[in-house]
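Below is one structure, written out as structure tokens; the observations come after it.
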Amino acid sequence: MTLRECYAALGGDFEAVTSRFPNEKFVQKYLIKFLSDGSYDLLIRSMEEQDYQEAFRAAHTIKGVCQSLDFTTLCASSSQLNEALRHGFTPEAPALLEKVKEDYQHTVEAIRAFQESIGA
């Protein structure tokens, strides 16, 4: 799997990210580094504990990382959840969280497939 194919699989914008980063090695480095970011786990834990302020912060972090890496699909869902949690719990938050979970898993699967294909 190429880096371009990985971006297609995860619903990202390869052209946009490669226009901002100095080269594809930088993109690859931060793409793989995404797997070790703890924001998603913090989001899930915070929602389970009904700590909506912390969940907002985690969703905001995910959104920011996704904007930087041009993970378009996950960026959109995390942004919607971020806005829903801005002032605490809202009735739409659980459904939005499910969409973030789905998009996050899809993103992670694509990155892991890429990682395996390059032997990293």
Side-chain angles (χ1 to χ4, degrees):
M1 170 184 277
T2 67
L3 189 57
R4 181 181 296 276
E5 290 168 336
C6 177
Y7 261 78
L10 63 80
D13 188 339
F14 182 75
E15 300 304 324
V17 74
T18 55
S19 72
R20 284 195 325 282
F21 281 76
N23 58 51
E24 287 188 20
K25 284 288 185 193
F26 274 82
V27 177
Q28 179 179 315
K29 174 184 174 181
Y30 290 105
L31 176 85
I32 292 171
K33 194 171 186 149
F34 178 81
L35 297 174
S36 62
D37 181 80
S39 300
Y40 177 78
D41 293 333
L42 178 61
L43 172 64
I44 300 304
R45 187 172 57 255
S46 298
M47 289 295 287
E48 288 171 355
E49 295 170 357
Q50 299 178 0
D51 183 348
Y52 301 117
Q53 184 176 10
E54 192 67 16
F56 167 77
R57 189 177 71 76
H60 186 76
T61 301
I62 294 167
K63 177 185 82 165
V65 170
C66 290
Q67 284 176 326
S68 296
L69 293 172
D70 285 288
F71 294 172
T72 311
T73 303
L74 181 55
C75 184
S77 60
S78 61
S79 181
Q80 289 176 333
L81 179 60
N82 178 65
E83 288 308 311
L85 294 171
R86 183 169 295 280
H87 301 291
F89 180 80
T90 58
E92 62 270 4
L96 293 171
L97 177 62
E98 290 305 311
K99 179 65 174 144
V100 168
K101 286 179 179 179
E102 176 184 314
D103 293 344
Y104 180 83
Q105 292 306 318
H106 186 76
T107 299
V108 166
E109 288 169 8
I111 295 170
R112 286 188 178 138
F114 172 71
Q115 192 177 27
E116 288 176 19
S117 75
I118 62 167

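Values in this document were obtained by computation on a predicted structure and should not be read as measured data.
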Go through the steps for Leu74 and Lys63 under the test side-chain contact (heavy atoms from CB on, under 4.5 Å), then give the verdict.
-> CA-CA 8 Å; Leu74 181 55; Lys63 177 185 82 165; over 6 Å; no

How close do [X] and [Y] get, counting heavy atoms only, and between which atoms?
X      : Y      : answer
Leu10  : Ala110 : CB-CB, 3.7 Å
Ser68  : Val17  : O-CG2, 4.1 Å
Ile111 : Ile32  : CG2-CA, 4.3 Å
Ala93  : Leu85  : CB-CD2, 3.9 Å
Ala84  : Leu96  : CB-CD1, 3.5 Å
Arg20  : Gln67  : NH2-O, 3.6 Å

Test side-chain contact (heavy atoms from CB on, under 4.5 Å) applied to Phe71 and Asp13, step by step = CA-CA 7 Å; Phe71 294 172; Asp13 188 339; over 6 Å; no

Do [X] and [Y] have side chains that get closer than 4.5 Å, going by heavy atoms?
X      : Y     : result
Lys101 : Ile44 : yes
Asp70  : Phe14 : no
Leu31  : Phe34 : no

Which residues share a side chain to side chain contact (heavy atoms under 4.5 Å, CB included) with Ala8, sequence neighbours left out |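 Here no residue qualifies.
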
Any residue meeting side chain to side chain contact (heavy atoms under 4.5 Å, CB included) with Asp37, in chain and number order, not counting sequence neighbours =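 In terms of side chain to side chain contact (heavy atoms under 4.5 Å, CB included), with neighbours along the sequence ignored, Asp37 is linked to Ser39.
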
Going only through I, L, V, M, F, W and Y residues with side-chain contacts under 4.5 Å, is there a path from Leu81 to Leu42?
-> no

side-chain hydrogen bond (donor to acceptor under 3.5 Å, both in side chains): pairs with one or both residues in residues 46-56, sequence neighbours excluded = Glu54-Arg57

Taking His106 for its side chain and Ala9 for its backbone only, find out whether a donor-acceptor pair lies under 3.5 Å.
->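 Present.
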
For Lys99, does its backbone N or O pair with a side-chain atom of Glu102 as donor and acceptor, under 3.5 Å?
-> no

Apply side-chain contact (heavy atoms from CB on, under 4.5 Å) to Phe21 and Gln28, showing your working.
-> CA-CA 10 Å; Phe21 281 76; Gln28 179 179 315; over 6 Å; no

Quick one: do Asp103 and Ser77 satisfy side chain to side chain donor-acceptor pair (under 3.5 Å)? Show the steps, please.
-> CA-CA 7 Å; Asp103 293 344; Ser77 60; 2.7 Å; yes

Return the [atom1] to [atom2] distance between [X] and [Y], rounded to the nearest 0.5 Å.
X     : Y      : atom1 : atom2 : result
Cys6  : Glu109 : SG    : CD    : 11.5 Å
His60 : Asn82  : NE2   : CG    : 6.0 Å
Ser79 : Ile62  : OG    : CD1   : 11.5 Å

Derivation and outcome, ring-ring contact (aromatic ring centres under 6.0 Å, His included), residues Tyr7 and Phe114 = CA-CA 9 Å; Tyr7 261 78; Phe114 172 71; 8.9 Å; no

Ion pair present between Lys29 and Glu24, side-chain N to carboxylate O less than 4.0 angstrom?
-> no

Within 6.0 Å of CZ in Phe89, more than 12 heavy atoms from elsewhere =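 Yes - once you tally the heavy atoms of other residues, nucleotides and ligands closer than 6.0 Å, there are more than 12.
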
